[in-house]
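Atoms considered below: every heavy atom in the structure, side chains included; atoms not considered: hydrogens, waters and symmetry mates.
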Amino acid sequence: MTGPTATPDAGGGRVPVGSHGHISVHIGSGWSARCFTYPHERPILAVDADHTHLSLSATDDAVTVDHLAFARALVRAATDYLHECERLLTGRTTDASTGDTATAA
């Protein structure tokens with residue numbers, strides 16, 4: 001039996017229909033992030049946060065162009081996350097009207 005599929009939303013994303021879930025991992029001091037690589041198999045990206053483990057890999061041992069697109073989007077999102085964490089840690093603010101960055105006094 002198959003359930004209903006996701007439908008497009010106004011922003012170009014997908015809205016789940018029927019069963020769906022959300023996972024939130026809050027990172028504290030006990031964490032690790034690694035990429036496991038193998039000569040003839042798909043890589044596995046692993047994130048551990050204390051007692052929570054998340055792994056990402058291609059389905060059916062086959063890497064496709066969709067997986068490359070996902071990996072690139074993941075890198076962009078992780079880079080944005082890094083920049084926001086750095087901005088908050090250093091107290092930098094961004095003027096949305098000009099895109100200029102300044103350090104808060």
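Other residues, nucleotides and ligands contribute at most 12 non-hydrogen atoms within 6.0 Å of the CG atom of Asp60.
Annotation: salt bridge (Lys or Arg N to Asp or Glu O under 4.0 Å) contacts of Arg42 (sequence neighbours excluded): Asp61. Under the salt bridge (Lys or Arg N to Asp or Glu O under 4.0 Å) criterion, Glu84 pairs with Arg87, not counting sequence neighbours. For Ser24, the side-chain contact (heavy atoms from CB on, under 4.5 Å) partners are His22, His26, not counting sequence neighbours.
Residue Phe70 is grouped with residue Leu54 when hydrophobic side chains (ILVMFWY) are merged at heavy-atom distances under 4.5 angstrom, including chains of intermediate members.
The heavy-atom pair separating Pro43 from Ser57 by the smallest distance is O-CB, 3.5 Å.
Residue Tyr38 shares its hydrophobic cluster (ILVMFWY side chains chained together at separations under 4.5 Å) with Phe36, Ile44. Through direct or relayed side-chain contacts under 4.5 Å between Ile, Leu, Val, Met, Phe, Trp and Tyr, Ile23 connects to Val25, Ile27, Trp31.
Sequence neighbours left out, the pairs with a member in residues 64-74 that pass side chain to side chain donor-acceptor pair (under 3.5 Å) are Thr64-His67.
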